[in-house]
Amino acid sequence: MSFTIAIDGPAAAGKGTLAQALSAHFGFAYLDTGLLYRAVGAGVIAGGDPVAVAQALDPSDLNADTLRTQAVAEAASRVAVIPDVRAALVAFQRSFARRDGGAVLDGRDIGTVICPDADVKLFVTASAEIRADRRFAELTAKGVQTDLAAILDEVRARDDRDQNRAEAPLIAAADATLIDTTSMTAAEALAQAITIVTAKR
Ligand code: C5P
């Protein structure tokens, strides 16, 4: 039996942390769909054509570590506006979602486009300032020297591009449950999500 949890929301809202914790709690597989767009962005930085890179991508062979830079995130949000790039990534995501044993997918368009029939849809958000603070703390903890104002600018630019593109814009599905993590801990967000999922199982 498949059971799909779709989690969408803007950059650094806590989706990834929540999705991973939920998948561990319920024993479901987890797919960070942002990595697919990041891989295409990295391919374009390396000189490739976005659509050709997307069509040739092997989504089961992505190196998350090298794809987590700000430059790759920026490139990802640029290629993500291209309809043929998005189209090339749909089949893999849908088959992942339908696997036996349950799946959690996080991204921007999972509840709206990839899995409109998901069993549970969550829209995870937080203020841009809090999201920039969290990203700053994360990078600082990793020893990366960065600037909070620059991160806030980058978060806002990415939100703007993700929300205003014509194809699969970032928007909460009408039937999604909103989780605003602005003044929540990760544990509080997880507890809320577990309650929502449990009610639907
Ligand atoms: O989630 P993450 O920050 O890794 O995503 C990088 C970029 O990929 C996003 O800013 C967005 O433009 C794009 N993306 C998307 N649809 C998804 C996941 C990510 O357009 N389902």
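Remember, it's 1-based here, ligands and their atoms both numbered in the order they're listed.
- Glu129 has a carboxylate O that lies under 4.0 Å from a charged side-chain N of Arg156, or vice versa, which qualifies the two as a salt bridge.
- For ligand 1, the 4.0 Å heavy-atom shell contains residues Thr33, Gly34, Tyr37, Arg38, Ala76, Ser77, Ala80, Arg86, Gly107, Arg108, Asp109, Arg158, Asp162, Arg165.
- A heavy-atom distance below 4.5 Å is found between the side chains of Arg134 and Thr181.
- Atom CD1 of Ile171 sits in a sparse spot, with 12 or fewer heavy atoms from other residues, nucleotides or ligands closer than 6.0 Å.
- Checking side-chain atoms of Arg86 against main-chain N and O of Ala80 turns up a donor-acceptor pair under 3.5 Å.
- The ring-ring contact (aromatic ring centres under 6.0 Å, His included) contacts involving residues 94-140 comprise nothing, where partners must be two or more places apart or lie in separate chains.
- Side-chain contact check for Arg78 versus Arg158: every heavy-atom pair is 4.5 Å or farther apart.
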